[in-house]
Amino acid sequence: MKVILLMAVTADGMIARNSMQLIDWTGKADKQYFVQITREAGAMIMGSKTFDTIGTVLPGRKNIVMTRDKKRKSQDKDLIFTDQAPGQILSDLAAQGFSCVTLIGGSMVNTLFLKANLIDELHITMVPRLFGRGLSLFSDSLDTHLELMAVKEIGEGHVLLIYRLQK
Ligand SMILES: NC(=O)c1ccc[n+]([C@@H]2O[C@H](COP(=O)([O-])OP(=O)(O)OC[C@H]3O[C@@H](n4cnc5c(N)ncnc54)[C@H](OP(=O)(O)O)[C@@H]3O)[C@@H](O)[C@H]2O)c1
């Protein structure tokens, strides 16, 4: 199972000003890339705070939302609330026939997967903005080495950086 972490960051490395901020500050190019990669994979894993900022199920993809809140339930087959560990979520998806999944934030859930050594690639869109303060891609101290696979300007000054994690 290939896991792609798909995120937008400001030029000063922030993913949001705070946990409640909607991701409404990236351009069309980033949104198109997000839709393309998440649809190709067919499944997205996110934290409950990220899901709450999006506020709706993104269609045509499995939306897997990590939460410890047992009251959160869904009737929609494409929306799954889970408190399973990252490795178990991936095994279940593999058993359902998925070979690739996207991890779409936020900071807390990204850290969980990275610390479990479960991320294969990072697809980072750098947006020409500065927030000064805020949440970064990860929320704990790390020492991870990356290999740069591709750099591409995708429009509106957005730069897509694709890294492979050295394991
Ligand atoms: N720039 C980007 O590309 C991008 C992408 C995604 C998100 N974001 C931003 O990131 C922010 C949210 O990030 P965040 O770090 O605050 O939160 P988050 O990672 O989205 O969600 C954290 C929540 O995930 C659940 N969780 C964490 N660990 C868990 C575990 N081991 N088992 C089960 N559930 C677990 C908990 O939910 P419960 O509290 O419900 O138990 C926790 O409160 C938002 O502002 C969003 O806009 C930016």
Side-chain angles (χ1 to χ4, degrees), residues 3-41 43-58 61-74 76 79-93 101-119 121-142 144 146 152 154-163 165:
V3 179
I4 299 175
L5 176 62
L6 185 59
M7 299 290 291
V9 300
T10 60
D12 54 348
M14 304 300 165
I15 64 158
R17 292 184 196 277
N18 56 58
S19 282
M20 280 102 60
Q21 188 186 9
L22 185 68
I23 314 155
D24 59 357
W25 47 273
T26 70
K28 207 166 138 192
D30 174 62
K31 292 187 179 75
Q32 279 171 348
Y33 188 72
F34 178 88
V35 171
Q36 181 201 325
I37 298 295
T38 54
R39 280 190 182 268
E40 275 170 17
M44 309 176 301
I45 302 170
M46 70 196 94
S48 71
K49 291 190 175 157
T50 294
F51 177 69
D52 291 341
T53 62
I54 298 170
T56 183
V57 178
L58 298 178
R61 290 146 281 183
K62 207 170 257 301
N63 293 231
I64 298 153
V65 180
M66 294 188 72
T67 179
R68 293 193 184 90
D69 184 350
K70 302 269 185 219
K71 292 194 289 296
R72 297 193 86 158
K73 303 237 186 283
S74 155
D76 185 334
L79 174 63
I80 290 121
F81 292 107
T82 181
D83 64 353
Q84 285 182 320
Q88 189 59 51
I89 296 174
L90 297 181
S91 308
D92 286 358
L93 285 170
V101 61
T102 51
L103 177 63
I104 62 158
S107 197
M108 216 186 275
V109 162
N110 293 349
T111 307
L112 213 60
F113 275 76
L114 192 83
K115 292 214 158 189
N117 208 19
L118 292 172
I119 299 176
E121 290 181 7
L122 261 76
H123 293 210
I124 307 289
T125 305
M126 191 172 278
V127 180
R129 300 269 305 249
L130 298 171
F131 286 173
R133 285 187 190 171
L135 295 182
S136 57
L137 275 175
F138 300 98
S139 58
D140 205 352
S141 129
L142 300 168
T144 304
L146 305 174
K152 192 175 167 198
I154 57 170
E156 302 160 86
H158 289 38
V159 179
L160 174 66
L161 298 153
I162 301 184
Y163 295 100
L165 266 90

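Both counts, for ligands and for their atoms, begin at 1 and track the order of listing. Only this structure's heavy atoms are used, side chains among them; waters, hydrogens and symmetry mates stay out.
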Have a look at Gln21, Lys70, Met66, Met20 and point out the one with the heavy atom closest to atom 25 (C) of ligand 1.
Met66

Minimum non-hydrogen distance to atom 44 (C) of ligand 1, winning option of Ser48, Pro86, Ser19, Gly105
Ser19

Residue pair Thr102 / Thr38, side-chain donor-acceptor N/O under 3.5 Å
no

Report yes if Asp83 has an N/O atom closer than 3.5 Å to an N/O atom of ligand 1; otherwise report no.
no

Are Thr67 and Arg72 close enough that a side-chain donor and a side-chain acceptor fall under 3.5 Å?
no

Filtering Gly47, Ser107, Gly134 for the heavy atom nearest atom 14 (P) of ligand 1 leaves Ser107

Within ligand 1, which atoms have a heavy atom of Ala16 less than 4.0 Å away?
9 (C), 45 (O)

Closest by any non-hydrogen atom to atom 11 (C) of ligand 1: pick that one out of Val109, Leu135, Val65.
Leu135

Say you draw a straight line from CG of Asn63 to CG of Leu58; how long is it, rounded to the nearest 0.5 Å?
5.0 Å

Report yes if some N/O of Gln84 lies less than 3.5 Å from some N/O of ligand 1; otherwise report no.
no

Just by distance, with hydrogens left out, do His158 and Tyr33 show a side-chain donor and acceptor under 3.5 Å apart?
no

Selection residues 11-22 - residue pairs positive for salt bridge (charged side-chain N to carboxylate O under 4.0 Å, His left out), sequence neighbours left out
none

